[in-house]
> 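Structure incoming, see below.
Excluded from the calculations below are hydrogen atoms, water molecules and symmetry mates; all remaining heavy atoms, backbone and side chain alike, are included. One-based numbering along the sequence shown.
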Amino acid sequence: MRQISEAVLEYYPDHLYSYSNIAVSYLLTGAYEKALTSLLKAHKLVPEDAIILNNLGICYSNLDQKEKAIEYLSKAVTHGEGNVKAGAQKLLDELSEE
């Protein structure tokens, strides 16, 4: 998935879903700094995308940057719907309890 997304970005450098796919591939392997780089590029393209906001919150949480995690998860709850909103709210509640 990562290789295909990187190839797409060579031709379409503003392709949101390619940045998102790259970030998810890094999140799944625990490479949070690399995931963060792609997520921030995606966020710059579409600042109110709930999935990107949620994934930024997850990434920051895993990097032990609680304040930033809460910031992005709160935005994901505001802009999200359904499972994205519910997932962001759940993690936000867990972080608030710590």
> Please report, to 0.1 Å, the donor-acceptor pairs under 3.5 Å made by any side chain of residues 79-88, with sequence neighbours excluded.
none

> Treating S5 as the side-chain partner and R2 as the backbone partner, does any N or O pair qualify as donor plus acceptor under 3.5 Å?
no
> Kindly say whether I70 contributes a backbone atom to a donor-acceptor pair with the side chain of S74 at under 3.5 angstrom?
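Side chain of S74 to backbone of I70: a pair is present.
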> Side chain to side chain contact (heavy atoms under 4.5 Å, CB included), that's the test. Do Q89 and D93 meet it? Break it down for me.
CA-CA 6 Å; Q89 185 63 60; D93 292 344; 2.7 Å; yes
> Mind checking the OG-CG spacing from S96 to L91? Nearest 0.5 Å is all I need.
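Between atom OG of S96 and atom CG of L91 there are 9.0 Å.
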> Any ring-ring contact (aromatic ring centres under 6.0 Å, His included) involving residues 46-65? Give me the pairs, sequence neighbours left out, ordered by first then second residue.
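Listed once each, the pairs are Y60-Y72.
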> Are more than 12 heavy atoms from other residues, nucleotides or ligands located less than 6.0 Å from atom CG of L63?
yes
> Scan for salt bridge (charged side-chain N to carboxylate O under 4.0 Å, His left out) pairs involving residues 53-72, sequence neighbours excluded, and state none if there are none.
E71-K75
> Are V77 and I58 linked, directly or through other ILVMFWY residues, by side chains that come within less than 4.5 angstrom of each other?
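Both belong to a single hydrophobic cluster.
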> Quick one: does Y19's side chain have a donor or acceptor within less than 3.5 Å of a partner on P13's backbone?
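Yes.
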> In a table with atom names and distances, give each donor-acceptor pair under 3.5 Å that connects a side chain of residues 39-56 to protein atoms at least two apart or in another chain.
unit_1	atom_1	unit_2	atom_2	d
H43	ND1	P47	O	3.4
D49	OD1	I51	N	3.1
D49	OD1	I52	N	2.9

> Find out if a path of hydrophobic residues (ILVMFWY) with successive side-chain heavy-atom gaps under 4.5 Å connects I22 to V8.
no
> Just jot down the side-chain contact (heavy atoms from CB on, under 4.5 Å) partners of A31, sequence neighbours excluded, or say none.
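So A31 forms a side-chain contact (heavy atoms from CB on, under 4.5 Å) with Y26, T29, K34.
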> So how far is it from L16 CG to S38 OG, rounded to the nearest 0.5 Å?
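Between L16 CG and S38 OG, I get 11.0 Å after rounding to 0.5 Å.
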> Partners of E10 by side-chain contact (heavy atoms from CB on, under 4.5 Å), sequence neighbours excluded?
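side-chain contact (heavy atoms from CB on, under 4.5 Å) check on E10 returns nothing, list empty.
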> How long is the straight-line distance from OH of Y11 back to OG of S18, given to the nearest 0.5 Å?
13.0 Å
> For S61 versus A69, what's the shortest heavy-atom pair and its separation?
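Shortest heavy-atom contact: N-CB, 3.6 Å.
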> Taking the six-membered ring for Trp, are Y17 and H15 parallel (under 30°), tilted (30 to 60°) or perpendicular (over 60°)?
perpendicular
